[in-house]
Amino acid sequence: MLSQRLGQLQTDLERAEHLQDFDRLKLEDAQLTTRLKDTKNELAQLLVVRQLLEQSIAAWEDKSQPEVYKKAGELMALMTGGTWVEVRMGVQDQIEVIDAFGQARNPQFLSLGTCQQLYLALRIALLMTAENVGRCIPILADDILVNFDTRRRVGAVSALQELSRVRQVIVFTCHEEVVQLMKENCDELNVVEL
């Protein structure tokens, strides 16, 4: 009788273990179902945010890109003494630079100095036309005039001076000739030697 009772208790214990496993599995299922629902909600929110962001980018491109290219063209004309007068988006969504004679060129066919001027013109134009984007944050430029010859440096200094009318510009250099050139060509300049 005692062994029969012991067998009954072991059977009851095994059944209880299975019941606990079942309860644990039911709890895990409920947790996974909740996580799946939450993940679906997060995915839906992310998809909505993505669509809104894409619409905002498209609206910015429609409004601001032409403005950026127009300003970059003005800055290129300033920096190159009128040799390059326009920047635009050409066929196949590639930037083109237009010379004073109306000839369009892809940047890969420009000299290194002109490419650097184009890059600088685009950066400055973007900073000048970007509404409410870091207006109170100064622009830091570290030796950006070093690879330009004197004529190009003068043009780049003029472009930086134009940017300084709407943003604070801080130029770092260890080249005395750059400092001297900036002193000669900038209306308002504060030189700080470290």
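What you see below is based on every heavy atom in this structure, not just the backbone, and it leaves out hydrogens, waters and symmetry mates.
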Checklist entry - Got a donor-acceptor contact below 3.5 angstrom from the R153 side chain to the L145 backbone? => result yes

Checklist entry - At what distance, to the nearest 0.5 angstrom, does OG1 of T83 lie from CD1 of I98? => result 14.0 Å

Checklist entry - With sequence neighbours left out, what residues match Q45 under side-chain hydrogen bond (donor to acceptor under 3.5 Å, both in side chains)? => result none

Next on the checklist: Please check this pair: side chain of D143 against backbone of V146, looking for a donor-acceptor N/O pair closer than 3.5 Å.
Outcome noted: no

Item to check | Results of salt bridge (charged side-chain N to carboxylate O under 4.0 Å, His left out) for E86 - residues two or more places apart only | outcome: none

Do any side-chain atoms of residues 112-126 form donor-acceptor pairs under 3.5 angstrom with protein atoms, and if so which ones, sequence neighbours left out?
residue: T114; atom: OG1; partner: S111; partner atom: OG; Å: 2.9
residue: T114; atom: OG1; partner: R152; partner atom: NH2; Å: 3.4
residue: Q117; atom: NE2; partner: M79; partner atom: O; Å: 3.2

Checklist entry - Mind checking whether I139 and L160 sit in one hydrophobic cluster, side chains of I, L, V, M, F, W, Y counted as touching below 4.5 Å? => result yes

Checklist outcome for this item: Joining Ile, Leu, Val, Met, Phe, Trp and Tyr whenever any side-chain heavy atoms lie under 4.5 Å apart, the cluster holding I170 also takes in L140, F172

Next on the checklist: R50: which residues meet the salt bridge (charged side-chain N to carboxylate O under 4.0 Å, His left out) condition with it, sequence neighbours left out?
Outcome noted: E54

Checklist entry - Is it true that a side-chain atom of T80 and a backbone atom of W84 form a donor plus acceptor pair closer than 3.5 Å? => result yes

Checklist entry - Should R88 and I95 count as side-chain neighbours, where that means a heavy-atom distance under 4.5 Å? => result no

Item to check | Residue E184 excluded, over 12 heavy atoms near CD under 6.0 Å | outcome: yes

Next on the checklist: Other members of the hydrophobic cluster containing L47, with the 4.5 Å side-chain heavy-atom rule, please.
Outcome noted: L43

